[in-house]
Amino acid sequence: MRIAYVFFGAFLAIAQSAYAEVASPPVLAPLKRQAQAAELSAQFLSRYSYKPVPLDDALSARIMDQFIKSLDPDRMLFLQTDIDKFMSDRSEIDDAIERKDLKIPFAIFNAYEQRVVDRMNYARSLLKQDFDFSAQENYSVLRDKAPWPQSKAESNELWRKRVKSDWLRLKLGGKNDAAIRETLDKRYENTLERAYKFKSDDVFQSFMDAYSTSIDPHTDYFGAAASADFNVSMKLSLFGIGAVLQERDDYTTIRELVPGGPAQLSGKLAVGDRITGVGQGKDGAIKEVVGTRLDEVVQMIRGKKDSVVRLDILPADAGADGTHRVISLVRDKISLDKQAARKTVLSVKAGDATRKIGIITLPVFYEDFEAKRKGDQDYKSASRDVAKLLDELKEEKVDSVLIDLRNNGGGSLDEAIDLTGLFIGNGPVVQQRGSDGKIEVKSAELAAPVWTGPMGVLINRGSASASEIFAAAIQDYGRGVIVGEPSFGKGTVQTVVDLDQIVRNSKLEFGELKVTIAQFFRVDGGTTQLHGVTPDISLPGLSDPTSFGETSYDNALPWAQIKPANYTPADTITTLLPTLQSRHDARVESNPDFQRLLKDIADLKAQREKGVVSLNESERRKEAAAREKRFKDRAEAGDGEDLGDDGLEAGERSLSADIAIENARKNAKDVLLDETVAILADEADLQEGVLKAATKESGNTNGK
């Protein structure tokens, strides 16, 4: 799964002259090192990718299309005249990169910035008027294939409906006109201000995202900031103060304190406190950070272990003119435990017995490569953590183990192999074919599995890459039951290349490439590419396969097949599947929670296919009333509370309200997990029956 910058690409445009009194955003220009990095990336990608793609006019056109799409995905920003102008350079990007000239993408981005400024000022001007919500008109929420506005008037009309739609959502959420005007004015103002904070590196990152994904969907470029975030995600650790930060009304605000981190242990910080300045060392000058981008403040707060950072704090309960305090904290290693493997145990009835199911949730296949390379005996990794959890579950005498890989986008290939070994011991796990066509079989090498009992894997559309390697191996060996929806379909292997190391550059200037170098195949010879892993027992999903998953990419590698590896599958699960399926079908048919989920999915699909929302208040209130009735029925059945739609976006509510909503969603009944646990309880029940029958048969034979 790729890391990308997100830009505000859903805004309309009018001619630049329409709001001439508004100060233009800064004109951004490429830096020499960026042009060098682009040319160096082109050399590497043209030669060493799994499927090398020459940098020619055809690729140039694809890069241009991808770049414009990243800025204006809903085709509501640029005018058709803008697009026509951009397209005159559509086949020139390849030559420009070779000349180390990035004027084309920077010119497009500067036009984009101006359009955002124009639109936000126009949107704010619309708030002075009233809207007629008795009129019969619709607002299109799916415009990715719509034409760009042909004129200023057409663009204005699109944006009028956008503002009207935002207003109606807030009105239906219970806000009065004055509150709606204030909320939307602040929303558009915040977006306007962000347009003035873009920097040259943002433009370059966006352009290189367009270039890299034009090679294949999983090739990426990492500038300095993106590279640091990627490394943190794999290590699950960093050196800092242990606080989750959020930008709220120009303030960097404490959203959460990491247990055991310097911030929490100091007792000097609380959720809601605002950081107004940051100083380095015991006596370094404090730099004001009000209005500074969140990522820049984060970089200032992070630093070397045992170094001092000083923070100027405006307390949560103080007004803007309240009394500040300065605190000193010593940076330490912070473990991001929320992304680490964790376990729970649930009990469920199956047959005449109550079964204990151990659930291990794994959000990512992490591995601290650097610590491992240095020989750290206690380095952090997914498989090592899961092995410890399995030992704990054995102590708790669970009957079965479920590995929950929903929305796990992958990570370390080695960790996927080692994790498989915890359940099969030793044997082939995955086959890897390089660009030279040579096939390498990668195997788990444990003397014996850590867990030998019944097990299963829960996947969804967000389960990709390493998750698919693990789930496919478990399925091919017949080791456990795979439950959920078809997975993402990413069957390729990437490696990270440090461009500075390649050219022996002592400075960190050119960034890193995550390059596709191989395709992986299951031990049965098939691949998860495009098709993903098909569950043994299917559960419904909320995702849209046309917009999410490998099949949504027009340049994805095709499905392929090679010879199977030398492995010995068991037929246990295959034998049990008919009974598991029939029990599942009977159970969900009479499960009101499951049936309500199916109704939600059907409604979501219908809305997606409809592609428009009504701007008529009466119609929307009827729709809202129907939803409220469903929520009320659920609440009476003990299935969570009504979160509804208040029309607000993240950061527009109070911090406590945002956190309360987040916690309510986390604590909502997980219908799919509950059903999967029931399936695993059935699996344990049936396997125990098979084992008893085999033991009895063996005893009868011996008696003869």
Side-chain angles (χ1 to χ4, degrees), residues 228-229 231-248 251-275 278 294-295 297-311 313-317 325 327-345 358-368 371 376 378-393 395-396 404 407-408 411 650 654-668 670:
D229 289 340
N231 290 332
V232 166
S233 72
M234 293 307 296
K235 293 179 181 180
L236 288 196
S237 67
L238 53 84
F239 294 113
I241 64 170
V244 177
L245 306 178
Q246 180 183 34
E247 184 180 330
R248 298 179 68 88
Y251 286 105
T252 297
T253 305
I254 306 291
R255 182 179 174 85
E256 182 182 337
L257 298 176
V258 178
Q264 189 261 334
L265 293 176
S266 73
K268 300 174 182 177
L269 283 171
V271 171
D273 284 353
R274 291 154 286 178
I275 300 172
V278 180
L294 181 63
D295 60 335
V297 180
V298 168
Q299 290 305 316
M300 293 169 69
I301 293 175
R302 290 179 186 174
K304 294 182 179 179
K305 179 178 169 60
D306 297 328
S307 61
V308 173
V309 62
R310 289 159 58 241
L311 305 177
I313 299 297
L314 180 62
D317 55 358
R325 66 175 185 270
I327 68 170
S328 294
L329 295 171
V330 178
R331 297 179 177 102
D332 200 356
K333 185 173 183 178
I334 308 299
S335 294
L336 307 180
D337 290 333
K338 281 193 173 182
Q339 290 298 304
R342 60 186 183 273
K343 71 174 175 68
T344 54
V345 177
I359 304 160
I360 295 178
T361 303
L362 185 64
V364 66
F365 283 82
Y366 51 91
E367 181 181 38
D368 191 338
D376 184 345
D378 196 32
Y379 72 89
K380 190 82 171 170
S381 91
S383 62
R384 290 158 67 102
D385 287 350
V386 170
K388 294 173 186 175
L389 296 178
L390 288 173
D391 285 337
E392 293 174 14
L393 291 173
E395 291 290 325
E396 297 180 58
D404 186 350
N407 301 316
N408 180 324
S654 68
L655 183 57
S656 59
D658 269 352
I659 293 173
I661 289 173
E662 185 178 299
N663 289 335
R665 285 174 176 153
K666 286 179 183 176
N667 296 329
D670 192 337

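Remember, predicted model here, so these are calculated numbers, not experimental data. Index from 1, following the sequence.
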* Asked: Heavy-atom count around E395 CD within 6.0 Å, excluding the residue itself: above 12?
  -> no
* R302 side chain near I334 side chain, heavy-atom distance below 4.5 Å -> no
* Asked: Ion pair present between R325 and D273, side-chain N to carboxylate O less than 4.0 angstrom?
  -> yes
* To do: State, to 0.1 Å, how close Y366 and Q339 come at their nearest heavy-atom pair, and which atoms those are.
  => CE2-O, 3.7 Å
* Structure fact -> Nearest heavy-atom contact between A340 and P363 is O-CD, 3.8 Å
* Structure fact -> CG (L329) and CD1 (I241) are apart, to the nearest 0.5 Å, by 5.5 Å
* Asked: Given M300, which of V309, I275, V278 fulfils the side-chain contact (heavy atoms from CB on, under 4.5 Å) condition?
  -> V278
* Asked: Hey, is D332 close enough to K305 for a salt bridge, meaning N to O under 4.0 Å?
  -> yes
* Shortest non-hydrogen contact between T253 and G272, atoms and distance -> CG2-O, 3.7 Å
* Gap between atom CG of D658 and atom CG of N663 - 0.5 Å precision -> 11.0 Å
* Are side-chain heavy atoms of L245 and I301 found at a separation under 4.5 Å? -> yes
* Identify the heavy atoms of G242 and A263 that sit nearest to each other, and give their distance. => O-CB, 4.0 Å
* To do: Of all the heavy-atom pairs spanning P315 and R274, show the shortest one and how long it is.
  => O-NH2, 2.6 Å
* Any salt bridge between E392 and K388, counting N to O under 4.0 Å? -> no
* Is there a donor-acceptor pair closer than 3.5 Å between any side-chain N or O of N408 and the backbone N or O of L362? -> yes
* Structure fact -> Distance col, row R342:CZ vs L389:CG, nearest 0.5 angstrom, shows 11.0 Å
* How many angstroms lie between CZ in R255 and CD1 in I659, if you round to the nearest 0.5 Å? -> 5.0 Å
* What closest approach, in Å, do F239 and K304 show between heavy atoms, and which atom pair accounts for it? -> CB-C, 4.4 Å
* To do: Report yes if the side chains of I313 and K268 come closer than 4.5 Å at any heavy-atom pair, otherwise no.
  => no
* **CG-CD distance between L257 and Q264, expressed to the nearest 0.5 angstrom** => 7.0 Å
* Intermediate values then yes/no, side-chain contact (heavy atoms from CB on, under 4.5 Å), D368 and D376 -> CA-CA 10 Å; D368 191 338; D376 184 345; over 6 Å; no
* To do: Hey, could you give me the NZ/OG1 distance between K343 and T361, rounded to the nearest 0.5 Å?
  => 11.5 Å
